[in-house]
Amino acid sequence: MAEASYPEDLLYHAEHDWVKIDGDVATFGVTWYAQDSLGDIVFFDPPAVGTEVTAGEGYAEVESVKAVSDVIAPLSGEIVEVNEALGDTPEQINDDPYGAGWMVKVKLSDPSQTSDLLDAAAYTATLD
Amino acid sequence: MSASETSLRRTPLYARHEAAGAKLVPFAGWEMPVQYPAGIRAEHLTVREAVGVFDVSHMGEIETRGPRALDFLQRILSNDVARIAVGAAQYSVLCKEDGGVLDDLFTYRLADERYLTVTNAANHDKDLAWFQRQAEGFDGVEVVDRAADYAMLAVQGPQARALVAGLAAGGAEALPRRFRVAEATVAGAPALVCGTGYTGEDGVELLLAPDDAPAVWDALVDAGAAPTGLAARDTLRLEVCFHLYGNDLMESRGPIAAGLGWCCKEETGFIGSEAVRAARDAGPSELLAPFVFTGPGIPRQGNAVVGGGEVTSGTLSPSLETGIGMAYLPVEQAVPGTEIEVDVRGKLRPAVVKEKPLFRKGT
């Protein structure tokens, strides 16, 4: 998507992830800023369902033509679903980062960690 | 001491890149456009299918002139410089005594006793010092740093020649053929037009006075050339297996292992020729070979190859839509059709060694 956007109904991690909370399961993806910085995303290497992820540590890799980047987990837990479609269409991360470009769903091990996340205003303030 | 961000140099087109929304990044001491809003893939494919324009003003130029200019260049360049006619161009490498590669270069013969050699930006100062040191005690030759005198624009793609012809006084007749150079007036500015490039497509490179570069850039863009960044320049060159100094060429390896024996004429006695001859006679233990991934993943510079070898360039090919690269491989592995595995951050990715080039029109 061409225009920067940071939906108000999401929470954000300073490493340019977004989080959508649904009970004790959270959906993770990367923000508009992240996909714009990376440029054309051409490869998403998905983690396996069942993998434990730790807040602040990488859980997947995305590659643009030029570079590879770790995707940092904003919260800890166990991956319960992976967006397998990104294997064939990683460009969805550019085209629709908050929709079809979602990456994983995670059953949270410590839902209280969400208090460490940023709202849209606080996150966008980190981008300047 | 490394250059700080504030000391990065800017080309005469910096304001054009900024206005176009380019991502500008440090590259070889310059602040260069790595991509424009169209993105690497779109830029790449536009050059393959239509025409793009690159600002490559960071590249350097060294002029060698005088009655013994030919003798001097024959001594330091690997190719047979005597074979460059006035108005022609030639590719060569610059070797150290031990045969290690200092740079790879195009040299244009502008007049009987005048040659212009284009250097890689990161190597220009080193090359210039090498030229000057070798010229000491060599009567009848003058080495002149011309880097500040030229901006350089590469116009590349199947429509490049027609586009530039439309802006040139005298039209298509005024443009040089492939591997030739001619003086022409392009968009009102005097230019050295070189029938060379780094994309595998037809096209020209324009050497211009820096003050003229913005107006010529504007004319090229207005005529339909898409601004194209250095990232697409890299993917374009790698698809056709052109070497990139600092990745595929280095002082610690020689031209034979790099597959550049064709531009080394040891009988001319150039500096490093004895080492190159010895390497050619003995046969190299490793060879630079192109490869294509047969499954997922993207190879990157520095990835190890299982069983020995090292990736020196890697990317995702926008034309082939798969991971591609070049690697120095044990010579018995560097055979087209050989299946290899590349260790990409701990994951072994299958690949197959290919012939050059990896991409050819119509394949």
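Basis for what follows: all heavy atoms, side chains included, without hydrogens, waters or symmetry-related copies.
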K.L.:
For chain A, find which of B/Gly314, B/Ala232, B/Gly297 contributes the most heavy-atom pairs closer than 4.5 angstrom.
P.N.:
B/Gly297
K.L.:
Run the side chain to side chain contact (heavy atoms under 4.5 Å, CB included) check on A/Asp40 and B/Glu43 step by step: do they pass?
P.N.:
CA-CA 11 Å; A/Asp40 292 339; B/Glu43 292 169 24; over 6 Å; no
K.L.:
Looking at B/Thr235 and A/Val65, what are the two nearest heavy atoms and their distance?
P.N.:
CG2-CG1, 3.3 Å
K.L.:
For the OG atom of A/Ser64 and the CG atom of B/Leu316, what is their distance to the nearest 0.5 Å?
P.N.:
10.0 Å
K.L.:
Within a 6.0 Å radius of atom NZ on B/Lys356, are there more than 12 heavy atoms belonging to other residues, nucleotides or ligands?
P.N.:
yes
K.L.:
Among A/Ala67, A/Ser37, A/Gly87, which residue forms the greatest number of heavy-atom pairs with chain B at distances under 4.5 Å?
P.N.:
A/Ala67
K.L.:
Counting heavy atoms not belonging to A/Asp9, are there more than 12 under 6.0 Å from its CG?
P.N.:
yes
K.L.:
Got a salt bridge between B/Arg349 and A/Asp45, using NZ or NE/NH1/NH2 to carboxylate O under 4.0 Å?
P.N.:
yes
K.L.:
Are A/Glu61 and B/Lys347 within salt-bridge range, i.e. N to O under 4.0 Å?
P.N.:
no
K.L.:
Is it true that, when you exclude B/Lys354 itself, more than 12 heavy atoms of the residues, nucleotides or ligands shown sit nearer than 6.0 Å to its NZ?
P.N.:
no
K.L.:
Give the minimum heavy-atom separation between B/Pro296 and A/Phe43, together with the two atoms involved.
P.N.:
CB-CE1, 3.6 Å
K.L.:
Is there side-chain contact between B/Arg345 and A/Val68, with heavy atoms separated by less than 4.5 Å?
P.N.:
yes
K.L.:
Between A/Val42 and B/Ile298, is there a side-chain heavy-atom distance shorter than 4.5 Å?
P.N.:
yes
K.L.:
Got more than 12 heavy atoms from elsewhere within 6.0 Å of CD, B/Glu339?
P.N.:
no
K.L.:
Given heavy-atom pairs under 4.5 angstrom as the criterion, report whether the side chain, backbone, both or neither of B/Arg41 touches chain A.
P.N.:
both
